[in-house]
Amino acid sequence: MNEFQERGPRRVGQVKEVTSLANPIIKDIKALTSKKTREETGTFMAEGLKLVIDALELGWTIRTLVYAKAAKGKPLVEQVAAKTVASGGLVLEVSEKVISSITRRDNPQMVVGIFDQRWTTLRDIHPKPGETWVALDRVRDPGNLGTIIRTADAAGASGVILVGEATDPFSLETVRATMGSVFAVPVARATAEEFLAWKKSAGVSVVATHLAGAVDYRTIDYKKKPVVLLMGNEQSGLPDMLAKEADALARIPQSGRADSLNLAVATAVMLFEARRHILTLSETR
């Protein structure tokens, strides 16, 4: 067991005051900016009281809660701290210097939560009628991935599948860009071969964005089967091995000077079209 897990927050009722940057628990938390550490510990960091509350409401358990002394006594912070302690988590009350060192921002959030990562297994995904999934081939940019997860949440998509070598959905940058949707949207990962094998038995219609041989994305039937929107890499687009296995190749018409759309924007356009027959405006949410 590694050091982070040995010191991990599983002792009920523990609240610590920390003012030193050299504190070993603080060092472990700061190390979560490294993908290697996140993978080794299976944990990640989320900044901000809203994200932490969102996570709790969605059934996530906080391993470690860190809040700045200035936030002490605020009702919502106190409630989150009480829930963390009750579930066996560790609560750290820290100085502004320490919280700034953790978040590495000029205007740091006053609350940070450490959570266990959650991955959905591809073989456990059995799309039902009316469901829409997003599959991203080798997505590289954390901002794009975070925005896509947030957009998938907003559009009512069922989850995101990362195909091939992708950026980490639990990196600080990606989590920030999701605005809390990382806690609501299931994320799976697979090789291209695993994805294609799954597609054969999943009963889905794979609609891929592609420049060659593609039709207007608005002319495709998104109602017949559960849909998987397959989006290509930011730089190189979709490789032939994936494109040729798609049930439909789609293209978004453009007329301006720009020759391409940002991946997150293109995914949003596709998502809301694919779910247009499902989404309605209602008075209440």
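Just so we're clear, the structure is a prediction, and the values are computed from it rather than from any experiment.
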_Criterion side-chain contact (heavy atoms from CB on, under 4.5 Å) on V77 and K72, from CA distance to verdict_ = CA-CA 7 Å; V77 175; K72 186 177 182 179; over 6 Å; no
*Should the pair E273-R276 be classified as a salt bridge under the 4.0 Å nitrogen-to-oxygen rule?*
yes
_Within this structure, what is the CD-OG distance for the pair E96 and S101, rounded to the nearest 0.5 Å?_
11.5 Å
*asked:* Would you say M45 ends up clustered with L90 if hydrophobic residues are merged whenever their side chains have heavy atoms under 4.5 Å apart, either directly or through other cluster members?
replied: yes
*Please answer whether the main-chain N or O of A31 pairs with a side-chain N or O of T37 as donor and acceptor at a distance below 3.5 Å.*
yes
_Residue pair G180 / D54: nearest heavy atoms and the distance that separates them_ = CA-OD2, 4.3 Å
*Once you round to the nearest 0.5 Å, how far does CG of L172 lie from CD of E47?*
4.5 Å
*asked:* Which residue in the set D116, D168, D28 passes salt bridge (charged side-chain N to carboxylate O under 4.0 Å, His left out) when paired with R38?
replied: D168
_If hydrophobic clusters are built from ILVMFWY residues whose side chains come within less than 4.5 Å, do M231 and W198 share one?_
no
*Does the pair V204 and K225 meet the rule for a side-chain contact (heavy atoms from CB on, under 4.5 Å), with working shown?*
CA-CA 6 Å; V204 296; K225 292 181 178 180; 5.8 Å; no
*Kindly check if the number of other-residue, nucleotide or ligand heavy atoms within 6.0 Å of CZ (R123) is above 12?*
no
_Polar side-chain atom of E78 near backbone of G73 as donor-acceptor pair, under 3.5 Å_ = yes
*Where the side chain of T103 meets the backbone of I99, is there a donor-acceptor pair that is under 3.5 Å apart?*
yes
*Output yes when a side-chain donor or acceptor of R138 lies under 3.5 Å from a complementary backbone atom of E234, and no otherwise.*
no
_Of V187, I125, D137, V134, the residue whose pairing with I161 passes side chain to side chain contact (heavy atoms under 4.5 Å, CB included)_ = I125
*Are the side chains of D216 and P253 in touch, meaning some heavy atoms are under 4.5 Å apart?*
yes
*Rounded distance [0.5 Å steps], NE2 in H210 versus CG in L249*: 6.5 Å
*Fit a plane to each ring of F44 and F170, take the angle between them on a 0 to 90° scale, and name the class: parallel (under 30°), tilted (30 to 60°) or perpendicular (over 60°).*
tilted
_V206 vs E245, side-chain contact (heavy atoms from CB on, under 4.5 Å): CA-CA, chis, key distance, verdict_ = CA-CA 8 Å; V206 173; E245 296 295 330; over 6 Å; no
*Can you get from L196 to L162 by hopping between Ile, Leu, Val, Met, Phe, Trp and Tyr side chains that sit under 4.5 Å apart?*
no
*Let me see the working for V18 and I25 under side-chain contact (heavy atoms from CB on, under 4.5 Å), right down to the final yes or no.*
CA-CA 9 Å; V18 178; I25 303 174; over 6 Å; no
_Non-hydrogen atoms of T178 and V175 that approach each other most closely_ = OG1-O, 2.7 Å
_I'd like to check V227 versus W133 (side-chain heavy atoms, cut-off strictly below 4.5 Å). Are they in contact?_
no
*Under 4.5 Å between side-chain heavy atoms, hopping through other hydrophobics if needed: is there a path connecting L261 to L238?*
no
_Heavy-atom check, side chain of V112 versus side chain of L92, under 4.5 Å_ = no
*Which atoms form the tightest heavy-atom contact between L263 and G232, and what is the distance?*
CD1-O, 3.5 Å
*Approximate separation, where rounding is to 0.5 Å, of R150 CZ and M179 CE*: 4.5 Å
*Please list, chain by chain and in numerical order, all residues satisfying ring pair (Phe, Tyr, Trp, His ring centres under 6.0 Å) with Y67, sequence neighbours excluded.*
none
*Using side chain to side chain contact (heavy atoms under 4.5 Å, CB included) as the criterion, point out the one residue from L145, L229, L230 that pairs with L136.*
L145
*Any side-chain heavy-atom pair of Q79 and I53 under 4.5 Å*: no
*Taking R218 for the side chain and I252 for the main chain, is one N or O donor matched with an acceptor at less than 3.5 Å?*
no
_Under 3.5 Å donor-acceptor, T191 side chain and E194 backbone_ = yes
*With a 4.5 Å heavy-atom cut-off, do V80 and I62 have their side chains touching?*
yes
*Taking every non-hydrogen atom, the tightest pair across F115 and V52*: CZ-CA, 4.4 Å
*For the side chain of R251 and the backbone of A214, is there at least one donor-acceptor N/O pair under 3.5 Å apart?*
no
*Nearest-0.5 Å distance that lies between atom CD1 in I220 and atom CE in M270*: 5.5 Å
*Report the distance from atom CG of L65 to atom CZ of R63, rounding to the nearest 0.5 Å.*
13.5 Å
*Is it true that L76 and W60 fall in one hydrophobic cluster, defined by side-chain heavy atoms closer than 4.5 Å?*
yes
*asked:* Are the side chains of I26 and V94 in contact, using a 4.5 Å heavy-atom criterion?
replied: yes
*asked:* Measuring only between side-chain heavy atoms, which start at C-beta, is L279 closer than 4.5 Å to F272?
replied: yes
*Would you check if Q117 and E39 make a side-chain contact, meaning some heavy-atom pair closer than 4.5 Å?*
no
*Kindly give the heavy-atom pair with the smallest separation between P129 and P226, and that separation in Å.*
N-CG, 3.9 Å
*Is the number of heavy atoms from other residues, nucleotides or ligands under 6.0 Å of K223 NZ greater than 12?*
no
*Looking only at non-hydrogen atoms, find the nearest pair between I148 and A264 and report the distance.*
CG1-CA, 3.8 Å
*Over 12 non-hydrogen atoms of neighbours within 6.0 angstrom of CD in E165*: no
